[in-house]
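Taking it in order: structure first as structure tokens, then the write-up.
None of the values given here were measured: they were computed from a predicted structure.
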Amino acid sequence: MEKPVRALALLPLLFAAPALAQPDSVRADIAKDMPGLIAIYRDLHANPELSGQEKRTSAILAAEAKKAGFEVTTGVGGYGVVAVMRNGPGPVVMLRTDMDALPVAEQTGLPFASKVKAIGPDGQETAVMHACGHDTHMTAWIETARRMAAMKDRWSGTLIMIGQPAEEINAGATAMLKDGLFTRFPKPQYVVAFHDSASGPAGSIGYTPGYAMAAVDSIDILVKGVGGHGAAPATTKDPIVLAARIVTSLQTLASREIDPQDAVVVTVGSIHGGTKHNIIPSEVKLQLTVRSYSKETRQHLLDGIKRIARGEAIAAGMPEDLMPVVSTFGTSGISTYNDEPLTNRLGAAFKARFGEDRVQQAKPVMVSEDFPEYREADPEHIQSTIFWVGGVPQAKWDAAKGDTAKLPSLHSAFWAPDAEKVIATGSEAMVTAAMNLLEKK
């Protein structure tokens, strides 16, 4: 999960207010388990693993699921964990947690801060940190498994709980699907997940019907030219000037070609070319991030980037063999669409459980996830939704007066959520969702 760019607009919490009357002991049971859960959380936090390297992490989740009574399979799509509990007739519900950490050097100052270093995919050593909160997700996943197992007499159907690797590189969901997630194991009708948020006070819940997160594409543009002496530009074909034209023209994709109410982002995040003041180089490299929601808009942007790069090169007099090369870098990701019937159903269940003050509808954001790949595998038969659990410690939220620009974001070296409230709220919300969908008739 990437850095959020828009606040969730959740209301401050009033934890001092009386809690809603609870029809069961879930909240009390979670509170009783909290000391052990915090020990698990701190262990996961202090021992993070990069995408595709989640060996130790996945073993912890697998062991806890087995202990709770699930049938557990490991090594699905890499280090993926699949835990299945069959409990009579009824729907199949899948709950997901992500497991991977980020190449970030932690600066939270926590006594259990990560000091881990690992070798990244580029072969270089890097510091590693759970800067996106996946450690809170996993701990809540473990507690959800425990609570659902303890309440088997109150629900009917099949519960699948998966620990997914490689979310941060948008690869883990696809890898698990390719490895038979929906053929080797029961295919779900409902898929649910949550993510901690740096844009809401700890313990708040945000849900977004419809488009919730954007599709992401990482684009490289190689701008070619003919190099030469900076004092004799007429003897060259300057790729720096051409690159500047391309960068400027790309802005018209969002400002002049897309409906203003259809949110898109086309950002040139990197531009590299040249070596010296008086040398015109032979090439310039651009790197772009592109965000959109609908498939049609996404295709328009990708086609438009190629059209603009080529058109500007033609205007600059570049021959055919020096046309810019536009390519996709790494793994792209589709947009996250939360099915409205499921999302509104669970949103109502959360409000009934936690109260109106703690649960609000949240705005869509331009960050990306690979969670929607599960729905995309069979959109006619699978509904999915992912919701937010606020993680900003209440004192910091109050001090910043809800201004997220004054607070650490996800992927920040300083991100330190109120883990106890995230885990408690995430666990109770996931149990609430599962029980709602698997309720005994």
Check: residues 268-276 side-chain donor-acceptor pairs under 3.5 Å, at least two apart:
unit_1, atom_1, unit_2, atom_2, d
S270, OG, H272, NE2, 3.2
S270, OG, Q287, OE1, 3.3
K276, NZ, N278, OD1, 3.3

E369 vs I386 side-chain heavy atoms within contact, under 4.5 Å: yes
Audit row: D418, K396, salt bridge (charged side-chain N to carboxylate O under 4.0 Å, His left out) steps and yes/no: CA-CA 10 Å; D418 184 334; K396 292 186 177 180; over 6 Å; no
Heavy-atom side-chain contact between V365 and K363 under 4.5 Å: no
is_close_aromatic(F387, Y207), centroid dist under 6.0 Å: no
Side chains of L177 and Y374 in contact at under 4.5 Å (non-hydrogen atoms): yes
For R42, side chain to side chain donor-acceptor pair (under 3.5 Å) partners two or more places apart: none
SB check E428 R353 (cutoff 4.0 Å): yes
S332 vs D217, side chain to side chain donor-acceptor pair (under 3.5 Å): CA-CA, chis, key distance, verdict: CA-CA 5 Å; S332 299; D217 291 283; 2.9 Å; yes
NZ/NE/NH1/NH2 to OD/OE distance under 4.0 Å, E257 and R307: yes
Any Q394 side-chain heavy atom under 4.5 Å of P201 side chain: yes
Taking only distance into account, with no hydrogens and no angle test, what donor-acceptor pairs under 3.5 Å do side-chain atoms of residues 112-128 form with protein atoms, sequence neighbours excluded?
unit_1, atom_1, unit_2, atom_2, d
S114, OG, V116, N, 3.2
S114, OG, V128, O, 2.6
D122, OD1, Q124, N, 3.0

Close side-chain approach of I258 and H300, heavy atoms under 4.5 Å: yes
T385 side chain reached by D339 side chain, heavy atoms, under 4.5 Å: no
Shortest non-hydrogen separation from A62 to T74 and the atoms involved: CB-CG2, 3.7 Å
Side chain to side chain donor-acceptor pair (under 3.5 Å) between T57 and E49, worked out: CA-CA 7 Å; T57 303; E49 294 175 301; 2.6 Å; yes
Any Y337 side-chain heavy atom under 4.5 Å of R375 side chain: yes
